[in-house]
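In what follows, a single structure is set out as structure tokens and then discussed.
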Amino acid sequence: GKTENINLILSEIFEYENIFTKYVRRLKEFITDEYQVVVAAPSNVAVANIRQRNIYFAKTFQNVIKQISSKSNRYKSMKYLIVDEANMLTSTQVNNLIISIKGYKEINFESLKFIFLGDEGQILPFHHSQGLPEYSSSALSEDFLKKILSGDGIKGASDATLIILP
């Protein structure tokens with residue numbers, strides 16, 4: 001399924017690593033506690049599903065936003081953000097993610113790659129605090145993502161890369 005694509009994406013990201021460079025990257029991540037690749041999902045169940053595929057560094061989307069908002073050092077080297085089950089994210093959550101990342105100046109927003117995976121045929125977003133459903137998935141809408149990543153509606157423009165997988 002879609003979650004299996006995460007391993008394929010990671011293998012492409014790290015395609016040119018040999019055993020030595022892979023060891024050095026992992027050692028650096030362990031010592032500095034900084035992530036170049038962040039994998040997130042909106043629920044603990046989705047994160048557990050990702051971790052069952054040997055991607056043990058997956059976090060909940062909410063945790064990632066909280067850590068970035070608090071300017072945690074572990075995210076300052078982030079180059080890729082992969083979000084699984086993105087169909088469940090509300091427009092507000094996606095907007096808050098972008099605002100948080102743009103507010104963390106150590107993250108190079110212009111070179112950051114966003115990868116949103118999901119299926120609009122599955123669970124759609126729901127604003128629990130407002131009790132309101134959304135009838136489409138903003139995180140899977142190319143128009144919405146281009147608008148929000150380019151800075152429309154929030155301060156600051158960007159050339160961040162958007163990758164949409166059907």
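In terms of the salt bridge (Lys or Arg N to Asp or Glu O under 4.0 Å) criterion, K66 has no residue partners (sequence neighbours excluded).
Using a 4.5 Å cut-off between side-chain heavy atoms of Ile, Leu, Val, Met, Phe, Trp and Tyr, with links allowed through other members, V47 and I55 fall into different hydrophobic clusters.
In this structure, the side chains of L117 and I9 come closer than 4.5 Å at one or more pairs of heavy atoms. At a threshold of 4.5 Å between non-hydrogen side-chain atoms, the residues M78 and I68 count as touching. Residues F144 and V94 are in side-chain contact: their nearest non-hydrogen atoms beyond the backbone lie under 4.5 Å apart. Counting heavy atoms from C-beta outward, K76 and N73 have side chains that approach closer than 4.5 Å. A heavy-atom distance below 4.5 Å is found between the side chains of L81 and I101. Side chains of I98 and F109 form a contact here, defined as non-hydrogen atoms less than 4.5 Å apart.
Here the CD1-CD distance, from I50 to E4, works out to 11.0 Å after rounding to the nearest 0.5 Å. Once rounded to the nearest 0.5 Å, the distance linking OG of S70 with CD1 of I65 reads 12.0 Å. The structure places CD1 of I6 at 12.0 Å from OG of S11, a figure rounded to the nearest 0.5 Å. Between the CG atom of N7 and the CG atom of N54 there is a distance of 7.5 Å, given to the nearest 0.5 Å. Here the CD atom belonging to E12 is positioned 11.5 Å from the CG atom belonging to N5, to the nearest 0.5 angstrom. Distance OG/S43 to CE/M88: 5.0 Å, rounded to 0.5 Å.
Proximity of a side-chain donor or acceptor of K71 to a complementary backbone N or O of G103 within less than 3.5 Å is detected. Listed for the K113 side chain is a donor-acceptor partner under 3.5 Å among the backbone atoms of S111. No donor-acceptor pair under 3.5 Å is formed between the side chain of Q36 and the backbone N or O of Y80.
Of all heavy-atom pairs between V64 and K59, the closest is CG2-CB, 3.8 Å. Of all heavy-atom pairs spanning N87 and G118, the tightest one is OD1-CA, 3.3 Å. Across all their heavy atoms, T90 and Q93 have their closest contact at N-OE1, 2.9 Å. Here the shortest heavy-atom pairing between A86 and A139 reads O-CB, 3.3 Å.
A 6.0 Å sphere centred on CG of N44 holds no more than 12 heavy atoms belonging to other residues, nucleotides or ligands. Environment of CG in L8: crowded, with over 12 heavy atoms of neighbouring residues, nucleotides or ligands closer than 6.0 Å.
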Verdict with supporting geometry, T92 and N96, side-chain contact (heavy atoms from CB on, under 4.5 Å): CA-CA 6 Å; T92 302; N96 289 342; 3.7 Å; yes
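Residue pairs that meet the ring-ring contact (aromatic ring centres under 6.0 Å, His included) test with at least one member in residues 52-78, sequence neighbours left out, are Y35-Y75.
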